[in-house]
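Hydrogens, waters and symmetry mates play no part in the numbers below; they use all other heavy atoms, side chains included.
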Amino acid sequence: MLARLANETFDVAIVGGGATGLGCAVDAASRGYRTALVEAHDFAAGTSSRSTKLVHGGVRYLARGDVSLVREALHERSLLLQNAPHLVKSVAFLTPAYRWLEIPYYATGLKLYDVLAGHRTGFARSRFAGRDEALRRVPWLRADGLRGAIEYHDGQFDDARLAIELARTAAHHGAALANYARCTRIAQGRIATVRDEESGNVFELRANVVINACGIFADALRKLDDPSASPFLELSRGTHIVIEPHAMWSDDAVLVPKTADGRVVFAIPWHGRLLVGTTDVPATEPVADPQPTDAEIAFLLETIGRYSNVTIDAAKIGAAFAGLRPLVARHPSSSTARVSREHFVDVARSGLVTIAGGKWTTYRKMAQDTIDAAIDSADLPRAPCVTARLALHDGTSEVETLTSAQPDLARPLHPDFPYTLADVVNGFRNEMARSVDDVLFRRTRLGFLDSRATQACRDEVARLAAEQA
């Protein structure tokens, strides 16, 4: 891949290997364009591996009147379920009501959610669940004062795993991609100077058009292209906590409809743990590895505690993580929770195309809009977008092949989790993992599930990495 990037000339070169950049690579390559992508860290190492793991329209956007945004996201939700059924599934959410008037209020909003989703979506319609049913399905829910719940269905996915499958899909269609390849300079919107972070080698990546899909670092890349460029983005930090299963568990998810800062909070079953999030706190600058604060963790514990019949404290948290959202600051505000999640495509005087904002659910539409803009910017031959019906790569069989050839690789990496040594080997051999953290946090999800288990597995993963070198 590195040799191709340094020696070929491309139609489209993408800087940034998160959800948006990888989506652009799939879109461009599947249209037949010669496509390149470079990522300074690992694929999805930043925001794109630190989401709430939802493929959704956004019920709180609906409450704020963003009907067009919700309709578009619900359409994309159905497409993603269709194109990646191995990574996306429908999950039931219960919205508990502790006052009688809340029942018709929540029911009306979620019925509108159903209407906007349309028919044949793959997701069940909303309905009322009585008090006894709600308590049976979510045993940790506070019973005192509960009147019932409104059930609705939304999508859940594995964000980093979807990113890897997008990279594999783009490669299948001919794209050249490399992680740990940092763009250090942009010239005329067509040439990117790239440094291989492992070897230190520097090369020029040449293309008819360069796309800036750097997420929280998009403004920094725009500055490389034009030092006078004014910033597009406001940043917001979202923190999640993962609660150990013996402390709190349910097969169904819960939507907490009211928080102190006017948001909603989700409690969602994920890989055998309960994921609770998220916060929305202004962040001053982009950083590669943002950390959750004690105040945010306390906020999430307090919020979920008001709806729980069990006492949850920090000792019951298996892991916590934070990500920064790149929000388009069309109307700067002191509250990042009020900034639109809609995406924005900009074409600079140099021809550099920047895609900013958006969210995982709409990554495919963001990519389509970006490649359309790149075609116009570089006057490329027109080719239609085909990703609405493009099945994404499924690497499941590769792990099975490894264990068939080497049965010892079927051994669990950790006794409390389903990941095997074959998952580790496959990450290094077939999925471009370059470090222990690449495997522990993104090829498997152990690092986001249990911090102690992650530490216990480091030596074993390092041993397997050395064997693959």
request  = Indicate the ring-plane relationship of His240 and Phe321, choosing parallel, tilted or perpendicular according to the 30° and 60° boundaries.
outcome  = parallel
query = Of His153, Gln156, Lys359, which meets side-chain contact (heavy atoms from CB on, under 4.5 Å) against His56?
reply = Lys359
query = Does a salt bridge link Glu431 with Arg161, judged by any charged N lying under 4.0 Å from a carboxylate O?
reply = yes
query = Less than 4.0 Å between a side-chain N and a carboxylate O, is that true for Asp437 and Arg458?
reply = yes
ask   = Which residues satisfy the salt bridge (charged side-chain N to carboxylate O under 4.0 Å, His left out) test with Arg147, sequence neighbours excluded?
value = none
request  = Give the ring-plane orientation class for Phe417 versus His414, where under 30° counts as parallel, over 60° as perpendicular and anything between as tilted.
outcome  = perpendicular
key: Euclidean distance, Leu80 CG relative to Leu87 CG, rounded to 0.5 Å   = 8.5 Å
key: Polar contact flag, side-chain donor to acceptor under 3.5 angstrom, Glu296-Thr293   = yes
key: side-chain hydrogen bond (donor to acceptor under 3.5 Å, both in side chains) partners of residues 299-323, not counting sequence neighbours, each pair once   = Glu302-Arg306
request  = Could I get the full list of salt bridge (charged side-chain N to carboxylate O under 4.0 Å, His left out) partners for Asp369, not counting sequence neighbours?
outcome  = Lys365
ask   = Under the side-chain hydrogen bond (donor to acceptor under 3.5 Å, both in side chains) rule, what pairs show up with a residue in residues 75-85, not counting sequence neighbours?
value = Glu76-Arg364, Arg77-Asp154
Contacts of type salt bridge (charged side-chain N to carboxylate O under 4.0 Å, His left out), residue Asp423, not counting sequence neighbours = none
query = Do the side chains of Ile371 and Ile211 get nearer than 4.5 Å, heavy atoms only?
reply = yes
Electrostatic pair Arg31:Asp372 at N-O distance under 4.0 angstrom = yes
message = We want to know whether Asp438 and Tyr180 form a side-chain donor-acceptor pair, criterion being a heavy-atom distance below 3.5 angstrom.
response = yes
request  = Taking Tyr113 for its side chain and Leu74 for its backbone only, find out whether a donor-acceptor pair lies under 3.5 Å.
outcome  = no
message = Determine whether a donor-acceptor pair (N or O, by modelled atom type, separation under 3.5 Å) exists between the side chain of Glu244 and the backbone of His246.
response = no
inquiry  = Working note: Val265 + Thr278, criterion side-chain contact (heavy atoms from CB on, under 4.5 Å); need CA distance, chi angles, decisive distance, verdict.
reply    = CA-CA 6 Å; Val265 163; Thr278 180; over 6 Å; no
message = Ring-plane angle category for Phe448 and Phe441, please: parallel below 30°, perpendicular beyond 60°, tilted otherwise.
response = perpendicular
ask   = By ring pair (Phe, Tyr, Trp, His ring centres under 6.0 Å), which residues pair with Phe43, not counting sequence neighbours?
value = none
inquiry  = Hydrogens and angles aside, do Ser48 and Asp159 bring a side-chain donor and acceptor to less than 3.5 Å of each other?
reply    = no
note = Hits for side-chain contact (heavy atoms from CB on, under 4.5 Å) against Ser250, two or more places apart or cross-chain, chain-then-number order -> Val138, Pro139, Trp140, Leu274
message = In the structure I gave you, are the side-chain heavy atoms of Leu235 and Thr284 within less than 4.5 Å of one another anywhere?
response = no
query = Backbone N or O of Gly46 within a donor-acceptor pair of the Arg50 side chain at under 3.5 Å?
reply = yes
query = Got a donor-acceptor contact below 3.5 angstrom from the Thr444 side chain to the Val439 backbone?
reply = yes
task = Could you pull out all residues at least two apart from Glu133 that satisfy side-chain contact (heavy atoms from CB on, under 4.5 Å)?
result = Arg127, Ala129, Arg136, Arg137, Glu151
remark   = Val386 meets the side-chain contact (heavy atoms from CB on, under 4.5 Å) criterion, sequence neighbours left out, with Ser30
key: Those residues that, when tested against Asp42, pass salt bridge (charged side-chain N to carboxylate O under 4.0 Å, His left out) (two or more places apart)   = Arg442, Arg443
inquiry  = Quick check against the 3.5 Å criterion: does Thr35 have a side-chain atom that pairs as donor or acceptor with the backbone of Val12?
reply    = no
key: Verdict with reasoning, Lys53 to Arg445, per side-chain contact (heavy atoms from CB on, under 4.5 Å)   = CA-CA 12 Å; Lys53 325 305 177 193; Arg445 306 315 311 278; 4.0 Å; yes
With a cut-off of 3.5 Å and sequence neighbours excluded, list every side-chain donor-acceptor pair involving residues 212-221.
{"residue": "Asn212", "atom": "OD1", "partner": "Cys214", "partner atom": "N", "Å": "3.2"}
{"residue": "Asn212", "atom": "ND2", "partner": "Ala218", "partner atom": "O", "Å": "2.9"}
{"residue": "Asn212", "atom": "ND2", "partner": "Thr354", "partner atom": "OG1", "Å": "3.2"}
{"residue": "Asp219", "atom": "OD1", "partner": "Arg222", "partner atom": "NH1", "Å": "3.0"}
{"residue": "Asp219", "atom": "OD1", "partner": "Phe232", "partner atom": "N", "Å": "2.9"}
{"residue": "Asp219", "atom": "OD2", "partner": "Phe232", "partner atom": "N", "Å": "3.1"}
{"residue": "Asp219", "atom": "OD2", "partner": "Leu233", "partner atom": "N", "Å": "3.1"}

query = Would Asp280 and Arg325 pass as an ion pair if we require N to O under 4.0 Å?
reply = yes
request  = Please round to the nearest 0.5 Å and tell me the distance separating atom CD of Glu72 and atom CG of Leu116.
outcome  = 12.5 Å
inquiry  = Test: side-chain hydrogen bond (donor to acceptor under 3.5 Å, both in side chains). Region: residues 96-110. Which pairs qualify, not counting sequence neighbours?
reply    = none
